[in-house]
Enquirer: 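Mind looking over this structure? Questions follow.
Here is how names work: the chains are called A, B, and so on, in the same order as the sequence lines, proteins then strands, and each is numbered from 1.
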Amino acid sequence: GEDVEQSLFLSVREGDSSVINCTYTDSSSTYLYWYKQEPGAGLQLLTYIFSNMDMKQDQRLTVLLNKKDKHLSLRIADTQTGDSAIYFCAESTTGGGNKLTFGTGTQLKVEL
Amino acid sequence: DTGVSQNPRHKITKRGQNVTFRCDPISEHNRLYWYRQTLGQGPEFLTYFQNEAQLEKSRLLSDRFSAERPKGSFSTLEIQRTEQGDSAMYLCASSFGGGNQPQHFGDGTRLSIL
């Protein structure tokens with residue numbers, strides 16, 4: 001079955017790097033996604049990675065994928081107070097109509 | 001590109017009433033998804049459409065729930081005889097084409113059952 005797990009909470013100081021981790025169980029996952037959710041809002045797509053890639057970088061964001069261990073991470077460089085939000089990891093599989101299976105989310109708090 | 005639009009943003013109703021939510025996807029997107037998010041959890045898949053065809057429904061979608069996308073553009077999600085457990089954020093997402101094109105989400109409709 002599909003299961004995505006994330007740690008619940010992360011606190012960092014402004015200017016430091018944040019690393020949010022995610023593990024998944026479905027070996028047939030084809031794409032893995034990171035979404036950001038601010039209070040009372042929907043989900044904002046941050047980035048995504050195809051399962052045959054190891055790394056993807058997009059400005060301050062770096063995604064690392066260890067397919068053997070089914071481990072995904074999102075690194076945010078130079079974290080700002082505006083990055084405070086809940087971050088969701090999600091997976092999709094080709095045969096599943098691309099429906100997404102989400103983790104429970106990691107709340108990132110950025111302190112001054 | 002005006003993004004995915006959902007209405008209303010908030011809905012408060014009494015238990016037992018029927019409610020209907022609307023989602024307008026990004027105009028060229030042919031896939032439309034509904035998810036439900038309860039407090040402290042990630043979104044859970046409910047159903048999706050490709051054009052006007054409803055291709056999959058989750059076991060979460062009891063027979064009190066019905067979704068339509070009559071002309072392959074906007075979609076409605078109706079909940080009949082609402083229950084306390086229906087209180088949640090209902091999220092709509094859309095994507096272009098098949099395969100694994102990323103889904104873009106609306107801001108959701110928050111349903112509160114009194």
Side-chain angles (χ1 to χ4, degrees), chain A residues 1-9 20 22-26 28-53 56 58 61 63 65 72 85-107, chain B residues 1 3-10 21 23-26 29-51 53-61 88-110 112:
Chain A
E2 302 161 349
D3 194 17
V4 179
E5 294 189 356
Q6 300 179 238
S7 53
L8 292 180
F9 191 77
I20 302 171
C22 169
T23 58
Y24 61 97
T25 57
D26 192 340
S28 61
S29 294
T30 52
Y31 278 87
L32 295 133
Y33 302 82
W34 285 104
Y35 284 88
K36 175 184 179 183
Q37 187 175 38
E38 299 186 60
L43 276 69
Q44 175 192 351
L45 176 67
L46 292 177
T47 187
Y48 60 103
I49 188 168
F50 187 49
S51 58
N52 69 354
M53 296 171 62
K56 181 178 180 181
D58 185 358
L61 304 179
V63 178
L65 175 60
L72 182 74
I86 300 176
Y87 290 79
F88 290 97
C89 165
E91 63 174 355
S92 69
T93 54
T94 309
N98 195 29
K99 63 177 184 278
L100 299 176
T101 300
F102 287 85
T104 52
T106 299
Q107 182 163 0
Chain B
D1 180 356
V4 178
S5 175
Q6 291 190 247
N7 288 288
R9 289 296 314 278
H10 299 95
F21 312 138
C23 172
D24 287 89
I26 294 170
H29 285 186
N30 60 345
R31 283 197 173 184
L32 186 148
Y33 301 79
W34 286 100
Y35 293 83
R36 182 173 71 185
Q37 184 180 24
T38 53
L39 204 60
Q41 300 296 317
E44 295 175 291
F45 169 78
L46 292 178
T47 188
Y48 90 97
F49 294 82
Q50 180 152 315
N51 300 312
Q54 188 173 16
L55 296 186
E56 187 172 347
K57 293 192 285 188
S58 159
R59 285 173 295 176
L60 292 175
L61 213 66
M89 174 83 91
Y90 290 84
L91 293 162
C92 176
S94 69
S95 67
F96 176 71
N100 284 286
Q101 294 298 314
Q103 296 175 32
H104 298 268
F105 283 78
D107 282 338
T109 294
R110 181 166 294 285
S112 298

Enquirer: With a 4.5 angstrom heavy-atom cut-off, which part of B/Leu55 approaches chain A: side chain, backbone, both or neither?
Expert: neither

Enquirer: Side chain, backbone, both or neither: which part of B/Arg110 has a heavy atom under 4.5 Å from chain A?
Expert: neither

Enquirer: Could you check whether any side-chain heavy atom of A/Phe88 comes within less than 4.5 Å of a side-chain heavy atom of B/Pro43, counting everything from C-beta outward?
Expert: yes

Enquirer: Is the backbone of B/Gly42 close enough, under 3.5 Å, to the side chain of A/Gln37 for a donor and an acceptor to pair up by distance?
Expert: no

Enquirer: For a quick test of reading the model, state the closest non-hydrogen atom pair linking B/Gln101 to A/Asn98 and the distance between them.
Expert: O-ND2, 3.2 Å

Enquirer: Applying the side-chain contact (heavy atoms from CB on, under 4.5 Å) test to A/Leu100, which of B/Phe105, B/Phe45, B/Tyr33 qualifies?
Expert: B/Phe105

Enquirer: Look up atom CG in A/Leu43 and atom NE2 in B/His104, then write down how far apart they are to the nearest 0.5 Å.
Expert: 12.0 Å

Enquirer: What distance do A/Tyr33 atom OH and B/Gln103 atom CD have between them, rounded to the nearest 0.5 Å?
Expert: 6.5 Å

Enquirer: Check A/Leu45 against B/Pro102 and note the closest heavy-atom contact, atom names and distance.
Expert: CD2-CB, 3.4 Å

Enquirer: If you draw a 6.0 Å radius around NZ in B/Lys57, do more than 12 non-hydrogen atoms from other residues or ligands fall strictly inside?
Expert: no

Enquirer: Rounded to the nearest 0.5 Å, how far does CG of B/Leu46 lie from NZ of A/Lys99?
Expert: 12.0 Å

